[in-house]
Amino acid sequence: MSVRVRLAPSPTGNLHIGTARTAVFNWLFARNQGGTFVLRIEDTDRDRSKAEFTNNILDGLTWLGLDWDEGPFFQSQRFDLYDRTVQTLLDKGLAYRCYCTPEELSALRESQKAAKQAPRYDNRHRNLTPQQEADFETEGRVPVIRFKIDDDREITWDDMVRGPVKWKGSDLGGDMVIARAAKRPDVGQPLYNLAVVADDIDMDITHVIRGEDHIANTAKQILLYEALGKTPPQFAHAPLILNQKGAKLSKRDGATSVSEFREMGYTAAALANYMALLGWSPPDGEERFTLSDATAKFSFDRVNKAGAKFDWDKLNWLNSQILHEMPIDALLDRLIPLWQTAGYEFDPEGDRPWLERITATIAPSLTLLPDAVDMTRSLFAIDVEFDDKATKQLQGEGVSEVLEAVAANIDNSLNSEDEAQAIIKAVMKEKDVKKGVVMKSLRAGLTGSLQGPDLVQSWLVLHQRGLDKKRLEKAIAMGE
RNA sequence: AGUGCCGUAGGCAAAUUGGUUCAAGCCGCUAGACUUUCAAUCUGGUGAUUUGCGGGUUCGAGUCCCGUCGGCACUACCA
């Protein structure tokens with residue numbers, strides 16, 4: 001049977017980094033096995049599910065290059081299946097109606113907590129007589145449906161990441177609710193564990209790959225498979241993503257959703273690469289790769305059991321590497337919208353060659369895409385502002401003369417690095433000054449700052465817009 | 001409270017899956033080179049007194065067992 005995996009996010013928030021990492025593992029495994037990757041949106045909780053989140057999830061996956069083969073399917077459109085499944089369980093006597101009120105249940109939990117016991121349902125309504133049920137109903141109580149979980153059951157499976165896993169029925173918290181309250185004969189809205197199993201069976205899922213936080217659910221779900229007479233799929237539980245302190249990653253840790261990373265200026269390639277590294281290591285030790293490169297090397301043998309701490313430094317490094325190696329053309333396409341947002345004036349079409357020159361100049365210095373905004377500010381500006389250090393430099397002795405000499409040498413043919421260097425050399429000779437003096441003064445006069453991207457390139461960029469002479473004139477005035 | 005998992009340098013993490021006295025590599029940090037500067041890049045350095053701690057099994061343990069401490073996760077009419 002061919003491999004079929006699924007990603008089953010619930011649209012109660014933006015695409016979470018943890019979900020995205022799960023998606024990466026599912027995708028890698030599916031592609032490695034020549035299998036099918038199914039996308040299923042788990043929106044059975046109608047109050048919390050929102051269309052905007054679904055869109056965010058779909059966009060995020062697409063952006064990361066995690067294409068799915070089937071779906072997206074929506075659980076909210078599949079209630080018939082779940083109803084039938086619940087009814088089957090009821091008919092088989094493996095599930096029953098429980099009339100406990102929420103108050104009763106929370107009181108039970110409170111008392112257990114007070115007695116320092118693990119919270120669990122005590123199965124008190126498992127064997128109600130028809131008369132008792134009728135009495136509850138006349139009382140106005142509306143029942144949920146619970147699936148029986150025997151305390152002495154032992155559940156085992158061979159996890160692709162953790163090896164053999166054993167679980168006791170008694171540690172599953174008692175009979176579990178599989179459908180929300182509803183008046184009989186209705187069965188109510190299905191709950192997570194039931195819907196998952198019904199769908200995974202219906203969609204012929206062969207491998208369930210998800211986060212470690214689902215491990216207890218797996219035990220429950222295996223019981224459901226059994227009750228429905230089906231063979232459970234293979235399971236793989238990936239380690240959680242932790243923050244620097246070792247706790248589950250949360251909003252306080254900077255960013256938790258893929259869209260936030262995207263807005264911060266990370267590339268999809270870097271984020272995808274980094275997520276694959278969170279809990280998995282390639283056999284050849286090569287840490288930089290594209291997702292498609294990794295498909296051939298991926299296996300759950302090399303997925304770690306320990307949680308993976310999120311390392312911003314490494315993500316940043318990965319992002320800078322990808323930006324440095326990106327073709328100028330492609331990089332420029334990403335920079336244009338950022339520059340436009342910043343209010344820089346240029347013609348994206350007509351100024352293309354000029355923009356490419358700017359891009360090439362700053363490319364080696366980028367870590368995040370938006371870094372390009374600050375770095376190019378003085379290149380786009382019509383006027384130049386001199387900061388304190390630049391001002392001081394310009395007021396230094398002989399600086400004005402040097403700049404005047406440079407300005408005098410600038411002609412319209414200045415178009416290459418060699419020509420610019422030639423001018424610099426000529427001025428050095430003419431004024432008998434060191435190269436450093438010329439360069440430093442030129443930098444101050446041209447860009448208004450003492451540091452920034454390559455000066456000669458910057459100069460050429462400014463020259464193409466006819467800005468160099470004007471700026472030098474202003475700089476010379478500063479020194480007088 | 002119970003159950004489960006994890007614990008290798010500041011971070012990620014490798015170790016033919018018990019086998020030799022080098023416990024990889026990457027990030028970070030750091031020095032130098034290059035450069036007008038910052039960054040990038042290149043070269044070198046820094047890192048575990050040894051694998052949380054204490055026992056045990058074994059000819060031999062980071063790798064197995066027991067205990068202990070610590071961290072995390074899960075125990076919803078959320079997913």
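Throughout, protein chains are lettered first and strands after them, A, B, ... in sequence-line order, and every chain is numbered starting at 1.
Residue A:Lys116 is in sugar-phosphate contact alone, with no base atom involved, counting any heavy-atom pair closer than 4.0 Å across all strands shown. A:Asp47 comes within contact range of no nucleotide atom at all, as no heavy-atom separation falls under 4.0 Å. Among the protein residues, A:Trp167 comes within range of the sugar-phosphate backbone only, with heavy atoms under 4.0 Å from sugar or phosphate atoms but none that close to a base. No contact: A:Arg288 has no heavy atom under 4.0 Å from any strand. A:Pro9 comes within 4.0 angstrom of no nucleic acid atom, judged by non-hydrogen atoms across all strands. Note on A:Thr12: nothing from the nucleic acid sits closer than 4.0 angstrom, heavy atoms only. Among the heavy atoms of the strands lying under 4.0 Å from A:Ala181 is at least one base atom, whether or not backbone atoms are also near. Residue-level contact check: A:Cys98 touches neither bases nor backbone, having no heavy atom under 4.0 Å from any strand. Within 4.0 Å of A:Asp45, counting heavy atoms only, lie sugar-phosphate atoms of the nucleic acid but no base atom. Within 4.0 Å (heavy atoms only), A:Arg46 reaches no atom of the nucleic acid at all. Contact annotation for A:Val177: backbone-only contact, meaning every heavy-atom pair under 4.0 Å involves sugar-phosphate atoms and none involves a base. Base engagement by A:His214 is indicated by at least one non-hydrogen atom pair under 4.0 Å involving a base atom.
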Step-by-step ring pair (Phe, Tyr, Trp, His ring centres under 6.0 Å) determination, A:His207 to A:Phe235: CA-CA 6 Å; A:His207 299 259; A:Phe235 292 95; 9.7 Å; no
Verdict with supporting geometry, A:Gln75 and A:Asp43, side-chain hydrogen bond (donor to acceptor under 3.5 Å, both in side chains): CA-CA 6 Å; A:Gln75 289 193 322; A:Asp43 54 352; over 6 Å; no
Verdict with reasoning, A:Asn56 to A:Ser259, per side-chain hydrogen bond (donor to acceptor under 3.5 Å, both in side chains): CA-CA 7 Å; A:Asn56 180 278; A:Ser259 46; 3.1 Å; yes
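For the C1' atom pair drawn from B:rG52 and B:rU8, the interatomic distance equals 10 Å after rounding to whole Å. Across B:rU16 and B:rU57, the matching C1' atoms stand 24 Å from one another, rounded to whole Å. B:rC38 and B:rU30 have their P atoms separated by 14 Å, given to the nearest Å. When the C1' atom is used for both B:rA24 and B:rA14, the distance is 6 Å, rounded to whole Å. With P as the reference atom, B:rU37 and B:rG32 are 14 Å apart, rounded to whole Å. Taking atom P on both B:rU68 and B:rG28, the two are 41 Å apart, rounded to the nearest angstrom. Distance check on atom C1': B:rC27 versus B:rA9 gives 13 Å, rounded to whole Å. Look at the C1' atom in both B:rC53 and B:rG62: the space between them is 14 Å, to the nearest Å.
Atom P of nucleotide B:rG2 and atom CD of A:Gln112 are separated by 14 Å, given to the nearest angstrom. B:rU16 atom C1' lies 16 Å from atom CG of A:Asp284, rounded to whole Å. With rounding to whole Å, A:Ile215 atom CD1 is found 14 Å from B:rA73 atom P. When rounded to the nearest whole Å, the span between CD1 of A:Ile17 and P of B:rC12 equals 16 Å. The CZ-C1' distance, from A:Phe310 to B:rC27, rounds to 13 Å in whole Å. A:Arg109 has its CZ atom 19 Å from the P atom of B:rG2, to the nearest Å.
Contacts between residues 190-199 of chain A and RNA chain B, defined by a heavy-atom separation below 4.0 Å, involve A:Leu191, A:Tyr192, listed by number.
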Dot-bracket notation for RNA chain B, counting Watson-Crick and G-U pairs under 3.5 Å, with | for partners on another strand: (((((((..(((......[.....)))((((((.......)))))).....(((((..]....))))))))))))....
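Between A:Arg124 and A:Asp122, at least one side-chain N (NZ, or NE/NH1/NH2) sits under 4.0 Å from a carboxylate O, which counts as a salt bridge. Classification of A:Arg377 and A:Asp374 as a salt-bridged pair holds, one side-chain N sitting under 4.0 Å from a carboxylate O. The existence of a salt bridge linking A:Arg141 and A:Glu104 is confirmed by a sub-4.0 Å separation between a basic side-chain nitrogen and an acidic carboxylate oxygen.
Glycosidic conformation, B:rU17: syn, with the torsion inside 90° of 0.
A search for salt bridge (Lys or Arg N to Asp or Glu O under 4.0 Å) contacts involving A:Glu212 returns A:Arg162, not counting sequence neighbours. With sequence neighbours left out, the side-chain contact (heavy atoms from CB on, under 4.5 Å) criterion links A:Lys429 to no other residue.
Listed by first and then second residue, the salt bridge (Lys or Arg N to Asp or Glu O under 4.0 Å) pairs that reach into residues 431-452 of chain A come to none, sequence neighbours excluded.
Comparing atom distances between the A:Leu240 side chain and each of B:rC74, B:rC72, B:rC27 picks out B:rC72 as nearest. Closest to the side chain of A:Ser281, from the set B:rG28, B:rA79, B:rA14, is B:rA14. Among the nucleotides B:rA73, B:rA15, B:rA79, the one closest to any side-chain atom of A:Ser10 is B:rA79.
Judged by closest nucleotide on RNA chain B, A:Ala306 is the one of A:Ala306 and A:Gly173 placed further toward the 5' end. Along RNA chain B, the nucleotide nearest A:Asp171 and the nucleotide nearest A:Leu278 are compared for position; the residue whose nucleotide lies closer to the 5' end is A:Asp171.
In terms of polar N and O atoms assigned as donor or acceptor, the side chain of A:Lys305 never comes within less than 3.5 Å of the base of B:rC6 in a complementary pairing. Side-chain to base pairing of A:Arg48 with B:rC78: one donor and one acceptor N or O lie within less than 3.5 Å of each other. Between the base of B:rG25 and the side chain of A:Glu287 there is a donor-acceptor pair shorter than 3.5 Å.
Between A:Lys314 and A:Tyr274 the shortest side-chain heavy-atom distance falls below 4.5 Å.
A:Thr44 and A:Gln189 are not linked by any side-chain donor-acceptor pair at a separation below 3.5 angstrom, with hydrogens and angles left out of the test. Under the 3.5 Å distance criterion, with hydrogens and angles disregarded, a donor-acceptor pair is assigned to the side chains of A:Asn316 and A:Tyr266.
In this structure, A:Arg126 fails the cation-pi test against A:Tyr96, since its NZ or CZ atom is not both closer than 6.0 Å to the six-membered ring centre and inside 45 degrees of the ring normal. Both tests pass for A:Arg21 against the ring of A:Phe25: distance under 6.0 Å to the centre and angle within 45° of the axis.
Note: A:Phe261 and A:Trp312 have parallel aromatic rings, judged against thresholds of 30 and 60 degrees for the angle between ring planes.
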Under 4.0 Å protein heavy-atom contact, by nucleotide of nucleotides 31-45 of chain B - B base, S sugar-phosphate only: -----BBBBSS----
